[in-house]
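Note that this is a predicted model, so its numbers are computed, not measured.
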Amino acid sequence: MSHPALSELLPDFLRDTDARRKRSGHTVAAYGRDVRQFIERFAQDNGAEPTVEDFKPAALRAYLHHMTADGFARSSMERKRAALSSFAKFLMRQGQLTANPLAGLRQPRGHKPLPTVYPEKDVVAQLDKPRTGTFTDLRDHALLEMLYGAGLRISELLGLRRAEIDLSRSTVRVMGKGSRQRLVPVSRKAAQALEEYLKARREFLQAEELADPGELWLSDRGKKLSRFRAYQIVRRELAALHGEKLSPHVLRHCFATHLLDHGAGLRSVQELLGHRSLATTEKYTHVTAQRLKEAYRQAHPHAEKK
């Protein structure tokens with residue numbers, strides 16, 4: 001009896017993940033990359049693409065071991081395991097497997113680095129720099145202020161529509177991971193930047209004689225702003241920080257860490273970030289502790305041994 005190749009079943013899995021489980025396009029794409037990576041690694045090691053018959057604990061244990069040896073971060077390892085486990089459950093529903101081959105495998109250890117966080121004064125200096133007042137300049141400023149002032153994920157921010165913003169209450173209604181909605185307060189500066197952007201947005205659409213597409217963030221051509229373009233904007237705007245990581249998610253890290261630095265409670269930060277687990281939010285307490293140690297070493301005369 002011949003068994004289907006995993007690559008043949010992957011498209012149906014991704015369609016199921018998108019339609020039935022209603023995962024975001026970003027998650028579906030990431031799951032596709034993770035499963036394809038397993039398929040390619042198996043083919044490289046064994047000289048042939050894996051079939052359903054090859055999707056066994058030994059092959060998956062070897063793959064996760066390779067990923068650990070290659071230095072993948074723990075968060076990446078956990079996502080790859082989650083993607084493969086989700087794929088296995090799909091195959092079980094399809095009658096291709098009788099059990100999840102990942103069920104008995106231990107969680108990958110991997111390296112778990114602390115999030116990248118920039119000093120508050122440096123972030124604020126970049127956000128407060130003089131603006132030209134053009135449509136794109138006000139958009140880019142509002143984008144940064146919302147990432148830092150509300151701590152949103154980039155997918156949450158780009159998914160916002162005009163109707164989900166309440167400037168009178170300085171709040172936005174966000175659709176987070178797992179289709180969970182939450183109401184997020186917006187900083188005074190972010191609300192001001194949003195108001196200026198919305199005015200420029202209206203004037204831009206009128207000047208270009210374009211219909212309002214409904215999405216909050218528009219490209220230079222009046223279309224929905226893409227994720228790729230948003231990353232370009234953030235990297236350019238934060239270039240003066242000279243950091244290795246200049247992604248939108250870094251501003252979310254800064255948002256959480258700076259809140260804790262100023263005494264915000266961990267539970268409150270968890271709710272603002274939309275984390276399901278408090279353990280996910282706790283990583284920012286380690287960042288704060290590490291920053292205090294560094295400040296102590298730099299400032300106290302007896303901190304360093306001579």
Side-chain angles (χ1 to χ4, degrees), residues 5-43 45 49-52 54-115 152-156 159 174-180 182 227 247-249 252-253 256 270 273-284:
L6 294 181
S7 59
E8 296 174 8
L9 301 167
L10 180 57
D12 286 342
F13 163 61
L14 297 179
R15 278 192 287 273
D16 178 79
T17 304
D18 180 33
R20 193 181 66 83
R21 303 190 66 190
K22 300 189 184 306
R23 295 297 178 91
S24 70
H26 177 64
T27 299
V28 173
Y31 274 24
R33 284 196 300 273
D34 289 337
V35 175
R36 274 191 289 274
Q37 197 172 37
F38 166 76
I39 292 171
E40 289 166 5
R41 186 76 194 212
F42 184 95
D45 292 345
E49 273 201 25
T51 67
V52 171
D54 298 315
F55 204 49
K56 293 181 175 178
L60 290 158
R61 188 180 295 110
Y63 169 70
L64 294 174
H65 176 74
H66 281 309
M67 296 298 103
T68 301
D70 288 345
F72 275 83
R74 184 173 175 176
S75 57
S76 298
M77 297 284 291
E78 289 172 347
R79 198 202 61 221
K80 291 178 189 303
R81 180 192 169 92
L84 289 166
S85 183
S86 184
F87 186 40
K89 290 173 183 173
F90 167 77
L91 296 178
M92 290 171 65
R93 290 195 299 275
Q94 298 297 308
Q96 298 286 352
L97 290 177
T98 56
N100 187 341
L102 287 110
L105 297 187
R106 295 172 61 183
Q107 289 287 339
R109 293 181 179 178
H111 176 54
K112 192 171 186 179
L114 291 176
L152 304 183
R153 301 177 178 94
I154 189 63
S155 56
E156 294 172 342
V174 176
M175 182 66 76
K177 281 188 174 180
S179 299
R180 297 192 301 275
R182 69 182 191 279
R227 187 184 183 91
S247 68
H249 214 67
R252 180 172 159 88
H253 293 328
Q270 177 194 6
L273 293 173
H275 285 162
R276 178 174 288 180
S277 166
L278 188 64
T280 309
T281 315
E282 283 177 342
K283 65 185 174 185
Y284 296 112

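Note on R15 versus D12: salt bridge recorded, some NZ/NE/NH1/NH2 to OD/OE distance being below 4.0 Å.
Taken to the nearest 0.5 Å, the CG atom of L10 stands 13.0 Å off from the OH atom of Y31. Considering CG of D45 and OH of Y63, their distance stands at 11.0 Å, rounded to 0.5 Å. In this structure, K80 NZ and M67 CE are separated by 6.5 Å, a value rounded to the nearest 0.5 Å. Rounded to the nearest 0.5 Å, atoms CG (L64) and CE (M77) are 5.0 Å apart. Between L14 atom CG and R33 atom CZ the span is 11.0 Å, to the nearest 0.5 Å. The structure places CZ of R227 at 6.0 Å from OG of S155, a figure rounded to the nearest 0.5 Å.
When all heavy atoms of N100 and M92 are compared, the pair lying nearest together is N-SD, 3.4 Å. The minimum heavy-atom distance linking A59 with F38 is given by the pair O-CE1, 4.0 Å. The two atoms that bring A30 and R79 nearest to each other are CB-NE, 4.1 Å, heavy atoms only. Scanning both residues, E156 and G176, for their nearest heavy atoms gives OE2-CA, 3.3 Å. Nearest heavy atoms, V35 versus F13: CG2-CE2, 4.2 Å. Closest approach of R153 to G274, counting heavy atoms only: NH2-O, 3.6 Å.
When atom types are taken as modelled, the side chain of R252 and the backbone of L273 share a donor-acceptor pair closer than 3.5 angstrom. Using modelled atom types, one side-chain atom of R81 and one backbone atom of L102 make a donor-acceptor pair closer than 3.5 Å.
Counting heavy atoms from C-beta on, the side chains of F55 and L84 come closer than 4.5 Å. Counting only heavy atoms from C-beta outward, the side chains of E282 and S277 never approach each other to under 4.5 Å. Between I39 and E49 the shortest side-chain heavy-atom distance falls below 4.5 Å.
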Side chain to side chain contact (heavy atoms under 4.5 Å, CB included) evaluation trace for L6 with V52: CA-CA 6 Å; L6 294 181; V52 171; 4.1 Å; yes
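With sequence neighbours excluded, no residue forms a side-chain hydrogen bond (donor to acceptor under 3.5 Å, both in side chains) with Q96. Y284 is linked by a ring-ring contact (aromatic ring centres under 6.0 Å, His included) to H253, counting only residues two or more places apart in sequence or in another chain. Under the ring-ring contact (aromatic ring centres under 6.0 Å, His included) criterion, H275 pairs with no residue at all, not counting sequence neighbours.
Around CZ of R276, the count of heavy atoms belonging to other residues, nucleotides or ligands within 6.0 Å does not exceed 12.
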